[in-house]
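The sequence lines fix the lettering, A, B, ..., with proteins before strands; numbering per chain opens at 1.
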2 protein chains.
Amino acid sequence: MSISGARGTVTMHDVAARAGVSVKTVSNVVNDYPHIRPATREKVQRAIDDLGYKMNLSARSLRQGRTGIIGLALPELSLPYFAELADSVIRAAEARGVVVLIEQTGADRQHELDVLTSDRRQLTDGLIFSPLELGPDDADALKVDYPLVVLGERIFGGDWDHVTMNNVDAARAATQHLIDQGRRRIAVIGAHAGETMGSAALRVLGYQAALAANGIPLDPDLIVEGGLWHRATGAECVAHLVDSGVEFDAIFGLNDALALGALHALHARDITVPKDVAMIGFDDIEDASYTSPTLSSISPGREEIAQEAVDLLLARIAGGEDPYRRVIADFTVMPRESSGA
Amino acid sequence: MSISGARGTVTMHDVAARAGVSVKTVSNVVNDYPHIRPATREKVQRAIDDLGYKMNLSARSLRQGRTGIIGLALPELSLPYFAELADSVIRAAEARGVVVLIEQTGADRQHELDVLTSDRRQLTDGLIFSPLELGPDDADALKVDYPLVVLGERIFGGDWDHVTMNNVDAARAATQHLIDQGRRRIAVIGAHAGETMGSAALRVLGYQAALAANGIPLDPDLIVEGGLWHRATGAECVAHLVDSGVEFDAIFGLNDALALGALHALHARDITVPKDVAMIGFDDIEDASYTSPTLSSISPGREEIAQEAVDLLLARIAGGEDPYRRVIADFTVMPRESSGA
DNA sequence: CTGTTAGCGCGTTCAA
DNA sequence: TTGAACGCGCTAACAG
């Protein structure tokens with residue numbers, strides 16, 4: 001019998017010996033197996049407490065073939081949207097008894113591919129994957145042999161669940177919101193040239209649809225490219241717009257970080273929001289409620305996305321064989337000061 | 001021999017059989033054991049590739065008593081400072097070949113205690129712990145039998161490493177910066193009554209020291225309580241200040257989130273920053289560079305903190321027996337528009 | 001309701 | 001330089 005204080009030294013056998021039962025009984029107790037005599041349970045529990053026994057989770061994982069860990073791969077936690085998403089995912093996972101291992105891909109294509117085949121996948125029972133660079137052409141890379149839930153754009157052709165939002169409709173609603181405030185020269189910042197299926201492309205599509213629906217001509221000069229959706233990029237886009245001399249009376253930031261950077265750049269140029277330029281973002285990060293002026297945005301239902309993703313993943317891990325699903329989270333327009341609503 | 005494509009089915013035995021060697025040799029190859037004949041190594045590597053072998057990390061963990069996972073316990077990722085810290089910790093860990101399991105304590109005292117004794121500690125080789133509620137009285141709870149690095153305030157009396165910053169000096173510098181701009185009625189928001197050793201208490205101490213050093217009388221009405229250091233709290237503090245009728249010409253937000261909320265509340269009341277009220281925050285989150293006006297702050301050397309914490313933890317995990325260390329990260333005053341510097 | 005036993009896949013002796 | 005055998009701590013069969 002080992003009664004050392006060293007870590008991981010106390011095993012089920014020690015507990016069993018002290019309680020005068022078999023290891024199986026100890027196992028039953030710690031796993032809340034239903035049919036145990038109260039006296040036995042208590043005896044075992046006392047032995048556990050006395051010895052300070054903690055189950056060796058590696059051994060359990062080896063035996064069960066499951067770790068109780070799910071992976072979450074996202075671009076980076078410094079981006080507020082992903083930090084808030086991770087927060088929600090961790091909460092949802094905790095409520096369901098699993099923990100979360102976060103991997104940052106840095107919005108790097110190779111890194112996104114690596115994460116799918118990394119050794120670490122052996123450590124997780126499944127993966128919630130939020131790709132930024134991968135697209136429909138990479139469907140093959142996503143054909144993995146473990147449970148996978150893809151967040152964001154839909155990538156066709158494989159055995160995985162999706163949790164997405166309707167980017168086109170949401171972007172259309174955002175643009176319509178600006179139009180409803182009487183704006184007609186609406187710039188959009190953060191576009192990705194050449195992309196056809198990513199968030200950027202879909203949101204630009206929604207933007208164009210809204211213009212068309214209102215008979216507003218599309219001016220290509222109002223569509224500003226911007227690679228990484230960081231605040232700095234938003235500021236650069238505004239610099240570009242202003243320097244180019246294009247007239248504009250509103251800006252649709254393809255995400256909030258871009259919009260925050262844009263707000264900053266406008267302010268630096270003494271361009272008043274919303275008087276001179278109205279603005280709306282996308283994601284409804286917490287910041288949006290605290291900027292000056294507060295930032296109108298699209299709330300993508302982050303909490304719902306996180307919970308659905310965790311639920312879908314756990315169902316697959318549990319062996320669910322249902323057809324692969326696509327969950328489309330609801331969005332909401334959040335009018336705030338920046339759009340003058 | 002199993003050549004199924006099912007997950008985790010290929011073992012070292014399968015690889016050994018295909019390569020015509022023993023498992024020991026395969027193990028040597030995958031662990032980069034130095035003395036292997038090139039031909040053997042190549043043979044084994046080919047078998048690994050052919051079979052798509054991935055090592056079972058649970059088995060390795062069981063055998064070695066180490067998982068290659070470190071825990072990171074922090075209040076919540078929705079707080080930008082902690083999101084950025086987590087980002088840095090994950091990067092530092094990745095560079096050193098380990099992964100990070102994040103647990104959110106929600107700044108709840110019981111949750112902070114639980115995290116220290118949770119079963120999940122069996123899953124991690126050590127823990128980087130950033131407590132908010134625990135203080136010197138809880139030193140006993142921190143006496144754990146696994147490697148531990150404590151971030152933030154120093155908690156005396158146990159076997160663990162600290163990575164802290166000089167809160168008093170940094171707060172003094174922040175306050176001095178406001179004084180240097182000619183401000184004399186400096187409010188501080190986010191104070192915690194009754195606390196003696198936490199960040200709040202130490203920073204208020206630095207604030208008081210700066211006033212004293214400049215012969216400015218201390219007005220208790222300028223010290224505003226605020227529990228959670230969220231944006232909403234900052235806004236409430238300003239509401240309280242304004243409603244109380246106290247005169248003030250500057251605000252020191254004990255962290256940036258408070259300062260952001262305060263900026264928002266001032267703006268809503270048409271109080272101009274920095275003309276009417278100068279402001280400085282603490283943490284230098286990315287937001288601080290993008291608000292309107294940009295927010296002066298104290299940069300706590302987040303990157304340095306993260307790297308030191310990971311290094312210290314890994315040294316302990318590796319069995320380092322050096323005396324427990326206290327690393328004090330450097331801070332920098334970041335003057336921006338909000339303080340009118 | 002509880003005990004016995006046989007692996008899960010790996011690293012690590014000890015030999016050869 | 002490589003091979004054979006054992007056991008890390010646990011759970012799942014199967015008894016009883």
Side-chain angles (χ1 to χ4, degrees), chain A residues 1-4 6-45 47-48 51-68 119 121-123 125 319, chain B residues 1-4 6-45 47-48 51-68 119-123 125:
Chain A
M1 175 159 73
S2 66
I3 46 171
S4 135
R7 186 175 190 208
T9 294
V10 182
T11 79
M12 267 191 182
H13 280 91
D14 300 323
V15 175
R18 187 179 236 272
V21 299
S22 79
V23 286
K24 167 65 177 167
T25 303
V26 177
S27 174
N28 283 342
V29 170
V30 298
N31 290 297
D32 283 325
Y33 186 76
H35 309 294
I36 315 168
R37 232 184 310 163
T40 310
R41 175 186 296 282
E42 198 178 324
K43 212 167 41 177
V44 170
Q45 190 56 53
I48 288 175
L51 265 33
Y53 167 73
K54 293 273 164 54
M55 183 152 54
N56 183 320
L57 296 178
S58 295
R60 163 189 275 187
S61 298
L62 173 59
R63 186 60 239 231
Q64 298 192 148
R66 292 213 254 122
T67 60
D119 273 353
R121 296 283 68 74
Q122 279 283 338
L123 223 44
D125 296 333
Chain B
M1 174 161 72
S2 67
I3 47 172
S4 135
R7 186 178 190 208
T9 294
V10 182
T11 78
M12 268 191 181
H13 280 92
D14 301 321
V15 174
R18 187 177 234 275
V21 298
S22 80
V23 286
K24 166 66 176 167
T25 304
V26 178
S27 173
N28 284 341
V29 169
V30 299
N31 290 298
D32 283 324
Y33 187 74
H35 310 294
I36 315 167
R37 236 182 308 164
T40 310
R41 175 187 296 282
E42 199 178 322
K43 211 166 42 177
V44 171
Q45 190 57 54
I48 288 175
L51 265 36
Y53 167 74
K54 293 273 164 55
M55 183 154 54
N56 182 319
L57 296 178
S58 296
R60 163 189 273 189
S61 297
L62 174 58
R63 188 58 242 230
Q64 297 192 149
R66 291 214 252 124
T67 59
D119 273 353
R120 285 157 190 175
R121 296 284 68 76
Q122 279 284 339
L123 223 44
D125 297 333

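Residues A:D125 and A:G65 share a closest heavy-atom pair of OD1-O, 4.5 Å. Residues A:V44 and A:V26 come closest through the heavy atom pair CG1-CA, 4.1 Å.
Regarding A:H13, its NE2 atom lies at a distance of 12 Å from the P atom of D:dT11, rounded to whole Å. Separating the CG atom of B:L123 from the P atom of D:dG9 is a distance of 16 Å, rounded to the nearest angstrom. Between the CG atom of A:N56 and the C1' atom of C:dG9 there is a distance of 14 Å, given to the nearest Å. Atom pair A:L57:CG and D:dT11:C1' shows a separation of 13 Å (rounding to whole Å applied). Distance CG (A:D119) to C1' (C:dC10): 14 Å, rounded to an integer number of Å. Taking atom CD1 on B:I48 and atom P on C:dG9, their separation rounds to 16 Å, with Å as the unit. B:D32 has its CG atom 12 Å from the P atom of C:dG11, to the nearest Å. When the C1' atom of D:dC6 is taken as reference, atom CE of B:M12 falls 16 Å away, rounded to whole Å.
Close to D:dT2, at under 4.0 Å from its OP1 or OP2, lies no side-chain N or O of B:N28. Within the structure, every side-chain polar atom (N or O) of B:S58 is placed at least 4.0 Å from both OP1 and OP2 of C:dC8. The phosphate of C:dG11 (OP1 or OP2) has a side-chain N or O of B:R60 nearer than 4.0 angstrom. Residue B:S27 has no polar side-chain atom (N or O) positioned under 4.0 Å from OP1 or OP2 of C:dC10. For C:dG7, the OP1/OP2 oxygens have no side-chain nitrogen or oxygen of A:R63 closer than 4.0 Å. In this structure, A:Y33 does not reach the D:dA12 phosphate: none of its side-chain N or O atoms is under 4.0 Å from OP1 or OP2. Taking 4.0 angstrom as the limit, B:S22 places a side-chain polar atom (N or O) nearer than this to OP1 or OP2 of D:dG3.
Looking at the side chain of B:T11, the nearest of the listed nucleotides C:dC10, D:dT2, C:dG3 is C:dC10. Nearest nucleotide to the A:V21 side chain, out of C:dG11, C:dT13, C:dG3: C:dG3. You'll find that the side chain of A:R37 is closest to C:dT2, out of C:dT2, C:dG11, D:dC10. When distances run from any side-chain atom of A:K24 to the nucleotides C:dC10, D:dA12, C:dT12, the shortest one goes to D:dA12.
Counting any heavy atom pair closer than 4.0 Å across all strands shown, B:S61 reaches no nucleic acid atom. A:I36 comes within 4.0 angstrom of the backbone, heavy atoms only, and of no base. A:T40 comes within 4.0 angstrom of the backbone, heavy atoms only, and of no base.
For the pair B:D32/B:R41, a side-chain contact is recorded, criterion being any heavy-atom separation below 4.5 Å from C-beta on.
Of the candidates A:V30, A:N56, A:V29, A:M12 forms a side-chain contact (heavy atoms from CB on, under 4.5 Å) with just one, namely A:V30.
Looking only at distances, a side-chain donor or acceptor of B:S61 sits under 3.5 Å from a matching main-chain atom of B:R66.
Toward the 5' end of DNA chain D, the nearer of the two residues B:V23 and B:L62, judged by each one's closest nucleotide, is B:V23.
The structure places CG of A:L123 at 7.5 Å from CG of B:L123, a figure rounded to the nearest 0.5 Å.
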